[in-house]
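We number each residue from 1, following the sequence as shown. Keep in mind the model is a prediction, meaning the values are calculated, not measured.
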Amino acid sequence: MKLILNDCLSFADKLEFENVLKKAEQSNLLLKSKTGAGSDYLGWLELPLKISAEEIKYIKKIAKQIQNQSDVLVVIGIGGSYLGARAAIEALTDNINKKGTEIIYVGNNISGRYVESILEYLKNKNYSLNVISKSGTTTEPAIAFRIFKEALFKKYKQEAKERIYITTDKEKGSLRAIARKEGYTSFEIPSDVGGRYSVLTACGLLPIAVAGIDIDQMLEGAKYAYANSEEIAIQYAAARNLMYNKNKTIEIMVNYDPSLHFFTEWWKQLYGESEGKDNKGIFPAGVDNTTDLHSMGQYIQEGIRNIFETVIYIKNDMSTICIPDTKDDSDGLDYIKNKSLKYVNEMAMQGTKLAHVKGNVPVISIEIDKMDAFNYGQLVYFFEKACGISGYVLGVNPFNQPGVEAYKKSMFRLLGKPGY
């Protein structure tokens, strides 16, 4: 993985960057010493080293069991309880010709139409449920679990019990109590790991393994990042805070491959929920290029100059398809005939960066050699580490989310929930 800051640091002088870099280095020491705000939620920091071989073996065993019993695994969760897994599965599997057990997601919204369409789809499928929630009382997944559990028991009778898998807190919460009472197979979310940092726990690893992805390699990538990405995590955190200090308050994550759409969604939650508090924070947004150059491209090029970009680019996308030579240039494409789509996509990326920098949009670039489980694990840990550092530079607690409760109180009051 390579971090390129040239097209970002050219918007500031050297001393400005050196000053914020010192703050980022101090913030990293605060993170490593576990003496900063929210230090009781730093279980993710050494997770790649501490997750046991026995737990990994058990996750893979149950994943194989689910693959053997079901065409579909329904993952019930919201926010960090499902985004990390979905991001990995979308990035690392073929979106069209899926092999093995299909993964679908519910409990991340309260749309009746969506739920009904999923129930209809499952009528002729063998399926299992993986319910992911630390407390078990989060409204959206709790509703989904009630609905899909009823449908599962209606279809499979008592056998349904063997098709429910719970991922929740080790000791407390309603979902843990349900798992104990009903005897469901269960996994633990460490109490010192928050949802948005939980992708490398059973929370993410079970559905990722069910999708056929090598979780051993993913954890190896995270271990590599733990040992080798500290310097670039500090630099990325410093660069984005430098941009914030220069009133660049919106960061746009840019990808050039549709398989990374949900990685951007995971990143948006990680940074938005970690930094957006105390009336501070860089607003995380995202675009899928070149698609969004035909929708958001105009604004990015010439809109309000309060944005900067972080571009993720896969250097080797493993594709070989080329633009054919048709002996007929009626479409005007002969200038790129016999060129690979990989090459054309890269030139689109390079050209867009040049245009945006010229248009006063700083660009941070992150290059990875290829998208595989190892590099994905490395990318996840890098962004988690940089997020913790960046939050401390900003002066907030990157590991709480007090504002999330505000909408719930209003919603519960309107719904007539006791106590509200």
Side-chain angles (χ1 to χ4, degrees), residues 43 51-52 54-86 89 100-108 115 118-119 121-123 125-195 198-213 215:
I51 187 168
S52 69
E54 291 76 18
E55 182 176 2
I56 296 167
K57 183 178 179 180
Y58 185 60
I59 288 170
K60 291 194 289 187
K61 175 187 173 183
I62 299 302
K64 180 62 68 176
Q65 178 177 305
I66 294 170
Q67 289 171 335
N68 290 336
Q69 75 182 175
S70 295
D71 306 311
V72 178
L73 174 65
V74 181
V75 173
I76 300 175
I78 196 167
S81 294
Y82 95 103
L83 274 173
R86 186 167 192 175
I89 292 165
T101 302
E102 181 184 6
I103 314 295
I104 59 177
Y105 310 88
V106 300
N108 51 65
V115 169
I118 298 296
L119 287 169
Y121 177 74
L122 292 172
K123 279 183 178 178
K125 303 280 187 180
N126 281 318
Y127 67 97
S128 300
L129 307 179
N130 178 204
V131 192
I132 308 168
S133 174
K134 222 170 187 183
S135 67
T137 57
T138 304
T139 307
E140 293 88 344
I143 290 170
F145 184 33
R146 180 179 284 206
I147 291 170
F148 283 85
K149 179 182 175 184
E150 181 184 58
L152 193 74
F153 273 91
K154 188 176 290 185
K155 181 170 185 172
Y156 294 105
K157 311 305 183 203
Q158 283 308 114
E159 185 198 339
K161 184 178 175 181
E162 308 304 319
R163 292 175 174 269
I164 295 175
Y165 303 87
I166 305 292
T167 309
T168 190
D169 188 88
K170 180 180 180 180
E171 299 291 342
K172 58 184 184 293
S174 65
L175 203 52
R176 174 54 62 194
I178 290 169
R180 287 194 187 110
K181 180 182 177 183
E182 303 295 333
Y184 299 137
T185 299
S186 67
F187 296 85
E188 298 172 8
I189 305 173
S191 59
D192 57 357
V193 177
S198 67
V199 61
L200 297 175
T201 71
C203 182
L205 293 177
L206 178 62
I208 289 169
V210 173
I213 296 164
I215 61 172

Task: Pairs satisfying salt bridge (charged side-chain N to carboxylate O under 4.0 Å, His left out), at least one member in residues 60-85, at least two apart - done: K60-D216
TODO: Tell me, with the steps shown, if L175 and Y184 meet side-chain contact (heavy atoms from CB on, under 4.5 Å).
DONE: CA-CA 10 Å; L175 203 52; Y184 299 137; over 6 Å; no
Task: Spatial distance of atom CG (L83) from atom CG (N108) [nearest 0.5 Å] - done: 8.0 Å
Task: Main-chain N/O of L73 paired with S70 side-chain donor or acceptor, under 3.5 Å - done: no
- [ ] Specify the closest pair of heavy atoms between V74 and V106, including all atoms of both residues, with the distance to one decimal.
- [x] CG1-CG2, 3.5 Å
TODO: Identify the heavy atoms of A202 and E55 that sit nearest to each other, and give their distance.
DONE: CB-OE2, 4.1 Å
Open item on the list: Would you compute the distance between atom CG of L122 and atom CZ of F148 and round it to the nearest 0.5 angstrom?
Closed with: 6.5 Å
Task: A63 backbone acceptor or donor facing Y165 side chain under 3.5 Å - done: no
- [ ] To the nearest 0.5 Å, tell me how far I215 CD1 sits from I208 CD1.
- [x] 8.0 Å
- [ ] For Y105, enumerate each residue passing the ring pair (Phe, Tyr, Trp, His ring centres under 6.0 Å) test, keeping only those at least two apart in sequence or located in another chain.
- [x] Y82
Task: Minimum heavy-atom distance Y127-Y156, with the two atoms named - done: N-OH, 3.2 Å
Open item on the list: Evaluate L206 against V75 for side-chain contact (heavy atoms from CB on, under 4.5 Å), listing each step before the verdict.
Closed with: CA-CA 10 Å; L206 178 62; V75 173; over 6 Å; no
Task: Min side-chain heavy-atom separation R176-S186 under 4.5 Å - done: yes
Task: For the student: nearest non-hydrogen atoms of P190 and T201, plus distance - done: CD-CG2, 3.9 Å
Task: D169 vs S191 side-chain heavy atoms within contact, under 4.5 Å - done: yes
TODO: Provide the closest heavy-atom pair for P207 versus I89 in the form atom of the first, atom of the second, distance.
DONE: O-CD1, 3.7 Å
Open item on the list: Let me confirm one number: the CG-CG distance from L152 to L129, rounded to the nearest 0.5 Å.
Closed with: 5.0 Å
TODO: Name all pairs fulfilling the salt bridge (charged side-chain N to carboxylate O under 4.0 Å, His left out) condition that reach into residues 136-162, sequence neighbours left out, sorted by first residue then second.
DONE: E159-R163
Task: Test ring pair (Phe, Tyr, Trp, His ring centres under 6.0 Å) applied to Y58 - qualifying residues, sequence neighbours left out - done: F187
Task: Euclidean distance, I76 CD1 relative to T138 OG1, rounded to 0.5 Å - done: 12.5 Å
Task: Residues in ring pair (Phe, Tyr, Trp, His ring centres under 6.0 Å) contact with F145, at least two apart in sequence or another chain - done: none
Task: T167: partners by side-chain hydrogen bond (donor to acceptor under 3.5 Å, both in side chains), with sequence neighbours left out - done: N130
Task: Over all atoms of both residues, closest heavy-atom pair of E171 and R180 - done: O-NH2, 3.2 Å
- [ ] Could you grab the distance from atom CG of L205 to atom CD1 of I56, nearest 0.5 Å is fine?
- [x] 7.5 Å
Task: Under 3.5 Å donor-acceptor, S81 side chain and C203 backbone - done: no
- [ ] For T168 and S133, indicate whether the former's side chain and the latter's backbone hold a donor-acceptor pair under 3.5 Å.
- [x] yes
TODO: Could you tell me whether the side chain of I147 reaches within less than 4.5 Å of the side chain of L119, counting heavy atoms only?
DONE: yes
